[in-house]
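Predicted model, so just to flag it, every value in this text is computed and none were measured. Numbers restart at 1 for each chain; the letters A, B, ... are given by sequence-line order, proteins then strands.
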Amino acid sequence: MGGRFGDGRVKPEPEDVKFHADWHPRALALTLACGMLGQWNLDMMRRAREGLAPTDYARFAYYEKWLAALADMLVEVGLVTCAELAGEAAAEPSPLSERRVGPEVVTTILARGGPATRDSAVTARFQPGDSVRTRHLAENTTVPGGHTRLPAYAAGRTGRIVRQHGSHVLPDSNAHGNGEAPEPLYAVAFAARDLWAHPETPLDEVMLDLWQGYLSPA
Amino acid sequence: MGGRFGDGRVKPEPEDVKFHADWHPRALALTLACGMLGQWNLDMMRRAREGLAPTDYARFAYYEKWLAALADMLVEVGLVTCAELAGEAAAEPSPLSERRVGPEVVTTILARGGPATRDSAVTARFQPGDSVRTRHLAENTTVPGGHTRLPAYAAGRTGRIVRQHGSHVLPDSNAHGNGEAPEPLYAVAFAARDLWAHPETPLDEVMLDLWQGYLSPA
Amino acid sequence: MPHDDHDHPHTLLPPDPALRVKALETLLTRKGLIDPAALDVIIDTYSNRIGPQNGAHVVARAWSDPGFKAALLADADPVLADMGYYGRQGEHMMVVENTDQVHNMVVCTLCSCYPWPLLGIPPGWYKSDAYRARAVREPRKVLAEFGVTLPDGTAVRVWDSTAEVRYLVLPQRPAGTEGMTETDLQALVTRDSMIGCGMVPAP
Amino acid sequence: MPHDDHDHPHTLLPPDPALRVKALETLLTRKGLIDPAALDVIIDTYSNRIGPQNGAHVVARAWSDPGFKAALLADADPVLADMGYYGRQGEHMMVVENTDQVHNMVVCTLCSCYPWPLLGIPPGWYKSDAYRARAVREPRKVLAEFGVTLPDGTAVRVWDSTAEVRYLVLPQRPAGTEGMTETDLQALVTRDSMIGCGMVPAP
């Protein structure tokens with residue numbers, strides 16, 4: 001939705017507000033705890049959120065998207081059945097219950113994180129200062145309608161390599177269970193005037209982190 | 001929304017179904033009768049529909065968009081006040097009531113239509129067979145966030161002129177009350193493989209009607 | 001209801017669309033801006049007078065009269081005006097012919113533009129997000145949902161109605177109709193076939 | 001609820017999100033897949049332990065210690081790990097410095113990626129459509145809605161967090177803080193300033 005018109009004002013809020021409804025913290029914790037079962041990766045979960053019906057994506061707030069995608073994912077990986085979700089069948093104990101995360105290890109798991117850097121056999125093609133052009137379609141080239149992290153507003157644009165971040169897991173592959181396929185990731189600078197019909201000033205830039213496969217020499 | 005993923009199946013319906021709710025015919029007729037007051041043009045009304053908040057545009061069905069845009073437009077042109085809409089003020093007789101359309105002339109007005117062709121001083125730059133490239137941004141070049149009729153999926157693509165339709169009113173100008181600014185309009189053919197990451201066959205084409213200003217030689 | 005939302009006064013109306021229509025009609029009638037009897041005529045026009053039978057008439061005549069068909073495909077507007085099929089949302093018509101080589105389909109991805117004087121008001125699916133989104137990207141999958149499978153080697157040409165030109169598909173004449181009159185042919189022609197989302201069935 | 005919608009089983013749950021959470025938690029607890037006590041710990045962690053005070057600590061130290069700052073800007077990860085600020089959604093950090101020449105701002109247009117170990121969970125506005133849509137296109141108008149006006153000649157650099165790298169803005173140190181301790185400086189630093197949507201106020 002980057003660049004979209006019509007969304008109105010941004011509404012700043014006091015910095016001590018953490019949640020905006022009683023059920024928000026529970027939705028957050030539930031999603032994280034389920035993720036710790038190790039049955040999907042972060043890219044798959046993002047794919048599930050973006051794969052909601054466009055009308056649902058538009059009307060759901062942040063944690064509503066999380067909940068809907070969590071339910072879809074639980075069924076997709078077989079942790080839960082549709083009958084159980086619908087309340088039409090009694091909850092069967094899961095064979096994966098031994099992976100359940102207890103209160104004593106949660107903090108450790110959160111602190112451990114999940115790095116996305118990997119060794120990769122893919123050689124870096126670009127260096128800082130190089131001019132590059134992004135793919136002309138913000139689409140997954142392998143899976144029709146699949147997950148990608150090239151925003152539509154930056155498709156088919158020319159930018160400048162600013163930094164090499166090392167090799168990172170490729171969401172376009174990992175989100176579909178097709179392997180991590182790590183490749184070099186770059187910070188790429190785009191002049192605002194190359195992205196927008198009416199840039200605010202000629203000085204401004206937008207920086208994106210983009211995988212090597214999204215880029216060609218320009 | 002052309003090209004968007006995730007919208008599900010198309011649901012054919014019996015050919016004798018005209019409306020899907022009791023209020024649909026009334027919404028249709030109300031919108032058309034108000035249009036006959038001559039206080040806006042079709043491009044302005046389309047601009048009002050597309051200018052709904054993105055979440056409203058996503059959740060409203062066809063005639064709900066019509067109604068919301070009609071209400072917005074009635075206020076924009078001053079036919080109705082916000083207080084009247086909100087029911088907070090009694091309805092004041094309108095000075096434009098002499099333009100009210102009666103049942104005896106409605107059919108004639110519908111049959112008369114409203115041609116969009118105009119004489120134009122703008123010379124046609126392209127001929128059938130010419131290769132052209134569309135604007136790289138599907139945006140109004142004059143009014144930030146303004147109305148345009150170049151779909152996002154066809155921005156920055158190369159096509160072939162198929163036919164010259166004569167000169168037509170330019171929506172990018174007319175929708176904002178900036179004059180009709182007629183210019184040559186063309187049917188332009190795009191190969192499906194130049195539009196989509198996964199075209200169905202190499203044979204297929206999408207044809208769009210595009211104004212000359214949207215195009216440059218390719 | 002955000003009463004201070006000046007960009008979107010529609011939020012001042014009740015959210016239920018049936019109540020919205022009623023509120024607007026009442027208000028505009030009181031202000032003297034609309035005449036409910038005129039609304040009745042508009043509804044009658046599109047419910048009973050203007051509909052796909054008009055387009056079917058044109059198609060049946062094109063199937064029956066090669067000279068008419070040639071004129072229709074070359075420059076539809078005068079031909080259609082002669083038949084009385086002119087009016088709102090049909091001011092600039094093009095008729096595109098389906099053949100063994102090319103199958104034409106019509107959509108409006110930006111809104112739901114449609115040739116009203118020839119086909120009446122558009123069907124629900126034509127106005128749906130699914131059709132608007134998918135017809136341009138995967139027309140063959142959409143056609144399959146209408147039960148249509150094209151022969152190998154037939155190209156699909158999708159017309160996205162981005163301007164004020166409106167498109168009518170001239171479907172292929174089905175086999176077994178050789179001796180039929182124009183009137184009988186007209187009764188065969190389906191609305192969906194004139195949008196390019198159906199084939200005319202053999203009698 | 002379309003029970004046959006296999007692509008979107010979430011439609012099988014009650015539509016009200018509070019009921020959805022409850023239904024899911026009950027189901028998953030019965031299946032032995034989650035432990036409600038673990039959920040309590042996660043909530044406590046992000047409510048009370050991990051928040052913008054972490055980022056403020058880093059900023060205050062960078063303002064106080066030039067060597068630390070240089071190391072932080074050159075390669076943030078080992079520096080932050082040393083301070084104990086590592087974890088989920090902060091595995092790969094870059095710290096970008098605001099100066100008179102450049103004002104940095106952070107957004108995630110694709111979802112709402114955010115440096116959790118340093119700033120906690122993102123504020124509501126950061127996750128809003130308005131911020132995600134507009135921060136990249138009209139950052140100065142967005143800044144104005146936070147009461148921030150940049151001097152002429154300052155360039156805006158908006159970082160769209162499209163991968164797993166997370167960005168922390170090192171805001172400009174306000175005037176009048178010359179003699180302040182690291183602890184006092186930390187208390188001055190606002191969350192919004194570390195996203196690039198605010199200036200740190202003078203004490």
Side-chain angles (χ1 to χ4, degrees), chain A residues 1-4 7-13 15 18 20 23 25-27 29-30 32-34 37 46 53 62 64 67-68 71-72 75 79 82 84-86 91-94 96-97 100-103 106-107 110-111 113-116 149 151 165 168 185 196 200 203-209, chain D residues 3 8-10 12-13 17-18 20-21 24-25 27 30-35 37-43 45 47 52 86-88 90-92 109-112 121 123-125 127-134 136-138 140 142 145-146 155-160 162-165 190-191:
Chain A
M1 73 177 59
R4 187 168 80 174
D7 286 289
R9 290 172 67 86
V10 176
K11 299 189 182 74
E13 64 190 20
E15 301 210 342
K18 301 252 176 186
H20 300 77
W23 58 270
R26 220 66 197 161
L30 193 61
L32 265 49
C34 288
L37 294 165
R46 289 210 186 100
Y62 183 71
E64 288 178 277
L67 282 177
D72 288 354
V75 172
L79 281 181
C82 280
E84 286 174 331
L85 264 196
E92 287 287 325
S94 172
L96 284 161
S97 61
R100 184 177 68 170
V101 170
V106 158
T107 316
L110 291 174
R149 297 287 289 178
H165 289 302
H168 283 236
L185 178 78
W196 317 114
E200 289 189 311
L203 299 170
D204 301 345
E205 290 182 318
V206 181
M207 322 294 286
L208 289 90
D209 289 327
Chain D
H3 275 236
H8 294 296
H10 75 81
L12 299 166
L13 288 169
R20 289 195 150 195
V21 182
L24 276 174
E25 182 172 344
L27 172 61
R30 285 194 187 142
K31 291 184 72 68
L33 290 169
I34 58 137
D35 178 345
L39 270 57
D40 294 338
V41 174
I42 294 173
I43 293 169
T45 300
S47 298
Y86 180 83
R88 183 184 186 281
E91 296 90 348
H92 313 286
T109 62
L110 295 174
C111 31
S112 298
I121 52 175
W125 56 261
K127 299 177 284 196
S128 69
D129 289 358
Y131 187 72
R132 292 169 56 196
R134 296 176 52 214
V136 284
R137 181 170 50 75
E138 48 183 18
R140 290 163 193 269
V142 171
E145 290 162 16
F146 284 90
V156 174
R157 196 171 286 161
V158 183
W159 299 81
D160 189 357
T162 47
E164 295 308 321
V165 183
T190 59
R191 176 195 63 197

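Put simply, the side chain of D:V158 does not reach to within 4.5 Å of the side chain of A:D204, judged on heavy atoms. With contacts defined as side-chain heavy-atom distances shorter than 4.5 Å, the pair A:L67/D:H10 does not qualify. Between A:L185 and D:V165 there is a side-chain heavy-atom pair separated by less than 4.5 Å.
Across A:D7, A:D72, A:V101, A:L110, the residue that shares the most heavy-atom pairs under 4.5 angstrom with chain D is A:D72. Most heavy-atom pairs under 4.5 Å with chain A: of the set D:L24, D:L33, D:D40, this distinction falls to D:L33. Between chain A and the options D:V142, D:I121, D:T45, the largest number of non-hydrogen pairs under 4.5 Å is found for D:I121. Contact count against chain D (heavy-atom pairs under 4.5 Å) is highest for A:P103 among A:A71, A:P93, A:P103, A:S97. Between chain A and the options D:V156, D:V41, D:T190, the largest number of non-hydrogen pairs under 4.5 Å is found for D:V156. Between chain A and the residues D:E91, D:R134, D:R30, the most heavy-atom pairs under 4.5 angstrom are made by D:E91. With chain D as partner, the option from A:A53, A:P12, A:A91 having the largest number of non-hydrogen pairs under 4.5 angstrom is A:P12. Counting heavy-atom pairs under 4.5 Å between each of A:C34, A:A27, A:G114 and chain D puts A:G114 at the top.
Smallest separation of non-hydrogen atoms from A:G3 and D:R137: O-NE, 2.8 Å. Considering all non-hydrogen atoms of both residues, D:A130 and A:R9 come closest at CB-O, 3.6 Å. Of all non-hydrogen atoms in A:R149 and D:C111, the two that sit nearest each other are NH1-SG, 3.2 Å. The two residues D:W125 and A:V10 have their closest heavy-atom pair at CB-CG1, 3.8 Å. The two residues D:I43 and A:P25 make their nearest non-hydrogen contact at CG1-O, 3.5 Å. Smallest separation of non-hydrogen atoms from A:A68 and D:R20: CB-NH1, 3.8 Å.
In this structure, the portion of A:L37 lying under 4.5 Å from any heavy atom of chain D is its side chain and not its backbone. Using a 4.5 Å cut-off between heavy atoms, D:V136 touches chain A through backbone and side chain atoms alike. A:L96 touches chain D through backbone and side chain together, each having a heavy atom under 4.5 Å away. For A:V106, the part lying near chain D is the side chain, with the backbone staying farther off; criterion is any non-hydrogen pair under 4.5 Å. D:S47 touches chain A through backbone and side chain together, each having a heavy atom under 4.5 Å away. Contacts of A:K11 with chain D are made by backbone atoms alone, with heavy-atom separations under 4.5 Å and no side-chain atom involved. For A:R46, the part sitting under 4.5 Å from any heavy atom of chain D is the side chain, from C-beta outward, and nothing else.
Between D:R132 atom CZ and A:Y62 atom OH the span is 9.5 Å, to the nearest 0.5 Å. Rounded to the nearest 0.5 angstrom, D:H92 NE2 and A:H165 NE2 are separated by 10.5 Å. With rounding to the nearest 0.5 Å, the separation of CG in D:D160 from CE in A:M207 is 11.5 Å. To the nearest 0.5 Å, the span separating CG on A:L208 from CG on D:L110 amounts to 8.0 Å. In this structure, OG in A:S94 is found 10.0 Å from CG in D:L27, a value given to the nearest 0.5 Å. Atom-to-atom distance recorded for D:R140:CZ and A:E200:CD is 6.5 Å, nearest 0.5 angstrom.
Without hydrogens or angle criteria, A:E205 side chain to D:R157 main chain gives no donor-acceptor distance under 3.5 Å. In this structure, the side chain of D:T162 engages the main chain of A:D209 through a donor-acceptor pair within 3.5 Å. Within the 3.5 Å criterion, the main-chain N or O of A:A116 finds no donor-acceptor partner in the side chain of D:E164.
A salt bridge links D:D129 with A:R4: at least one charged nitrogen is closer than 4.0 Å to a carboxylate oxygen. One finds a salt bridge joining A:E84 and D:K31 here, because a Lys/Arg side-chain nitrogen approaches an Asp/Glu carboxylate oxygen to under 4.0 Å.
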